[in-house]
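This report concerns only the one structure given below.
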Amino acid sequence: MGGDRPRRLLPHRHLDHHGGVRQDRAGRLPVPVVFGHFLLAAAGLVVWIVYLVTDNRALAWTAFGLLVPVALLGFTLFARWLPARRAAVGGDQAPPEGHFPVPVVAAHGVLAVATVILVLLTALGIGGS
């Protein structure tokens with residue numbers, strides 16, 4: 001319960017080391033956008049799981065509808081991450097997001113695009129039995 005206790009989760013430790021999610025430095029990822037991205041994605045996942053259980057096509061479209069703002073927020077975060085990454089590579093003073101590993105960001109983007117495409121194809125009934 002002390003303020004000096006180390007964080008147990010790796011992402012928190014990374015953010016703590018590089019300045020956290022505080023709003024005191026320019027160039028940061030906006031906290032509402034980060035959490036909105038996460039919460040909408042989590043909601044979409046819940047809707048998708050319910051779709052898998054019920055096989056109700058309307059739920060597949062609802063999941064896709066939730067993924068659209070998730071993707072837009074993701075593009076926003078990516079656009080904000082690029083200059084921070086360039087600053088980190090260039091040796092300039094970079095905000096914490098500039099230190100995110102490129103393979104992790106790339107894998108997240110590739111898997112996100114694949115998810116949107118597969119959900120859309122499923123909602124359209126393409127490839128279904």
Side-chain angles (χ1 to χ4, degrees):
M1 297 203 185
D4 296 334
R5 200 168 115 208
R7 302 267 182 173
R8 300 281 184 229
L9 300 174
L10 183 60
H12 289 282
R13 288 181 65 195
H14 176 78
L15 288 173
D16 283 348
H17 176 70
H18 293 290
V21 292
R22 292 168 295 166
Q23 293 289 334
D24 59 347
R25 283 182 21 194
R28 301 200 170 257
L29 299 177
V31 173
V33 176
V34 171
F35 284 109
H37 179 70
F38 171 76
L39 292 174
L40 284 170
L45 177 61
V46 169
V47 171
W48 186 253
I49 291 170
V50 174
Y51 160 73
L52 291 175
V53 171
T54 64
D55 198 27
N56 180 345
R57 176 98 26 112
L59 290 174
W61 281 109
T62 302
F64 178 74
L66 286 168
L67 284 179
V68 171
V70 170
L72 293 174
L73 291 172
F75 285 131
T76 300
L77 292 170
F78 182 70
R80 296 283 302 258
W81 174 78
L82 280 175
R85 181 62 189 170
R86 287 186 186 119
V89 170
D92 297 336
Q93 180 69 19
E97 65 265 21
H99 300 282
F100 289 165
V102 173
V104 172
V105 174
H108 182 84
V110 168
L111 292 173
V113 169
T115 299
V116 171
I117 291 170
L118 291 173
V119 169
L120 176 60
L121 292 175
T122 301
L124 290 170
I126 297 173
S129 53

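All values derive from a computational prediction rather than experimental measurement. We're numbering straight along the sequence, starting at 1.
- In the hydrophobic clustering, where aliphatic and aromatic side chains (Ile, Leu, Val, Met, Phe, Trp, Tyr) are joined below 4.5 Å either directly or transitively, Ile49 groups with Leu45.
- To the nearest 0.5 Å, atoms CG (Leu29) and CD (Glu97) are separated by 4.0 Å.
- For Val102, the side chain to side chain contact (heavy atoms under 4.5 Å, CB included) partners at least two apart in sequence or on another chain are Trp81, Arg85.
- For the side chain to side chain contact (heavy atoms under 4.5 Å, CB included) test, residues two or more places apart in sequence or in another chain that qualify with Leu82 are Phe78, Arg86.
- Summarising the geometry of Ala88 relative to Gly98, their closest heavy-atom pair is CB-O, 3.3 Å, with the distance given to 0.1 Å.
- Grouping the Ile, Leu, Val, Met, Phe, Trp and Tyr side chains by contacts below 4.5 angstrom, directly or via other members, places Phe35 apart from Phe75.
- Taking Ile, Leu, Val, Met, Phe, Trp and Tyr as members and joining any whose side-chain heavy atoms lie under 4.5 Å apart, directly or through other members, the hydrophobic cluster of Leu39 also contains Phe38.
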Residues 61-74, side-chain donor-acceptor partners within the protein, below 3.5 Å, at least two apart:
unit_1, atom_1, unit_2, atom_2, d
Trp61, NE1, Ala123, O, 3.2
Thr62, OG1, Ala58, O, 2.8

Taking only distance into account, with no hydrogens and no angle test, what donor-acceptor pairs under 3.5 Å do side-chain atoms of residues 113-122 form with protein atoms, sequence neighbours excluded?
unit_1, atom_1, unit_2, atom_2, d
Thr115, OG1, Leu111, O, 2.8
Thr122, OG1, Leu118, O, 2.8

